[in-house]
Amino acid sequence: MKAVILSGGEGTRLRAISGGLPKPMMPLLGTPLLEHTVALLRENGFDQLCLTLHYQPQIIREHFRDGANFGVSIIYREERSPLGTAGAVLNCRDFIGNETVLVISGDSACDFELSALMAGHKRGVTIALAAQAEPLPYGLVITDREGNITGFLEKPTWERVVTDQVSTGIYVLSPDILDYIPTGHPYDFAKDLFPRLLSLGVPMRGQVMDGYWCDIGTPHAYYQCNLDALNGLYHLPGAQETPRRVIPCRNRARLMRAVSEAMAEFGADFSDGLTIASPSGKAHLAPLADQSAIFLEGDRAAVRKLEALAKTLNESL
């Protein structure tokens with residue numbers, strides 16, 4: 001499968017700590033963020049990648065070369081002047097051809113199951129969404145019950161917030177979508193293309209993703225992402241250790257009771273915390289001793305499902 005990684009960001013808000021590195025090359029636990037993204041794509045079956053470059057392109061080219069050392073095939077498209085996010089993807093049209101393609105930002109960290117996002121795509125555009133308790137810095141995406149997109153709100157004030165669903169900058173595009181992107185001037189997905197597609201009635205869906213997502217656009221977000229990786233909130237792609245998640249809560253004992261009651265009929269083992277075995281694998285959940293939180297570990301698919309249940313129950317307590 002094919003993917004385009006938008007890798008041209010300078011990271012002006014990170015200049016104080018970036019040392020002149022392109023934003024996607026900022027180290028995350030000692031490894032460039034972009035390398036984690038390439039590993040995530042490879043794990044999900046994307047082995048043909050096109051990287052769009054603008055700021056300090058030679059740093060990225062020299063690090064990844066043709067991608068062989070990272071288990072993928074990489075080509076590059078360099079912009080002499082910024083083309084906008086959609087314009088940058090259009091610049092990869094010869095790479096995309098007549099295939100459906102995944103577009104992902106090189107500026108964010110995530111551990112989504114991107115193969116599931118690709119599998120769920122039917123036509124038009126599918127946007128990967130994340131639920132954010134503080135959504136103001138992001139573009140909000142309004143959907144109906146079937147996931148069809150009905151509106152966008154770009155970085156609204158609290159008075160205009162009507163959803164917690166934000167765009168992660170990860171999209172699946174059918175090849176005909178490129179026909180809607182004009183040439184000759186910068187064109188952006190969020191500001192230009194998506195509102196136009198919505199007005200034309202082009203099919204657009206939003207899919208809320210399980211897992212971790214963080215845009216490292218500010219020093220605070222960058223440091224928080226590193227801490228989240230250390231604490232197991234962000235599962236680094238390619239890591240061999242057992243996936244581990246931590247869910248902060250007000251009352252860990254009460255949350256454990258709620259999860260235990262919900263899972264009792266599914267053959268849960270309560271001899272050491274809570275352990276669930278299912279066709280998707282095994283997951284273990286227990287309270288942390290030193291903070292009001294619970295942790296989950298086990299097979300990734302099973303952990304994600306138990307995590308979703310725990311988070312839903314935690315919000316209702």
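When atom types are taken as modelled, the side chain of His36 and the backbone of Leu28 share a donor-acceptor pair closer than 3.5 angstrom.
Taking the six-membered ring wherever Trp is involved, the centroid distance between the rings of Phe194 and Tyr171 falls below 6.0 Å.
Atoms OH and CG, from Tyr76 and Leu51 in turn, are 6.0 Å apart once rounded to the nearest 0.5 Å.
A side-chain hydrogen bond (donor to acceptor under 3.5 Å, both in side chains) with Gln58 is found for exactly one of Arg61, Gln56, Glu62, namely Gln56.
A donor-acceptor pair shorter than 3.5 Å can be found between the side chains of Glu35 and His63. Asp269 and Thr275 are not linked by any side-chain donor-acceptor pair at a separation below 3.5 angstrom, with hydrogens and angles left out of the test.
Contact detail for Glu297 and Val303: the closest heavy-atom pair is C-CG2, 3.4 Å.
A cation-pi contact, defined as under 6.0 Å to the ring centre and within 45° of the axis, links Lys2 to Phe95.
For the pair Leu173 and Thr100, the minimum side-chain heavy-atom distance is 4.5 Å or more. Contact annotation: the side chain of Val103 approaches that of Leu6 to within less than 4.5 Å [non-hydrogen atoms, C-beta and beyond].
The aromatic rings of Tyr212 and Tyr234 sit parallel to each other, their planes meeting at less than 30°, with 60° as the upper class boundary.
Not counting sequence neighbours, the partners of Thr163 by the side chain to side chain contact (heavy atoms under 4.5 Å, CB included) test are Leu140, Ile142, Gln165.
When hydrophobic clusters are built by joining Ile, Leu, Val, Met, Phe, Trp and Tyr residues whose side-chain heavy atoms come closer than 4.5 Å, directly or via intermediates, Leu114 is grouped together with Val166.
With respect to the salt-bridge test (charged N to carboxylate O, under 4.0 angstrom), the residues Asp111 and Arg245 qualify. Using a 4.0 Å cut-off between a side-chain N of Lys or Arg and a carboxylate O of Asp or Glu, Glu307 and Lys311 qualify as a salt bridge. By the 4.0 Å N-to-carboxylate-O rule, Glu146 lies too far from Arg205 to be salt-bridged with it.
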key: Step-by-step salt bridge (charged side-chain N to carboxylate O under 4.0 Å, His left out) determination, Asp107 to Lys23   = CA-CA 6 Å; Asp107 299 347; Lys23 187 178 175 184; 3.6 Å; yes

inquiry  = Could you go through Thr150 and Asp144, starting from their C-alpha distance and side-chain angles, then the distance that decides it, and tell me whether this counts as side-chain hydrogen bond (donor to acceptor under 3.5 Å, both in side chains)?
reply    = CA-CA 7 Å; Thr150 59; Asp144 62 18; over 6 Å; no

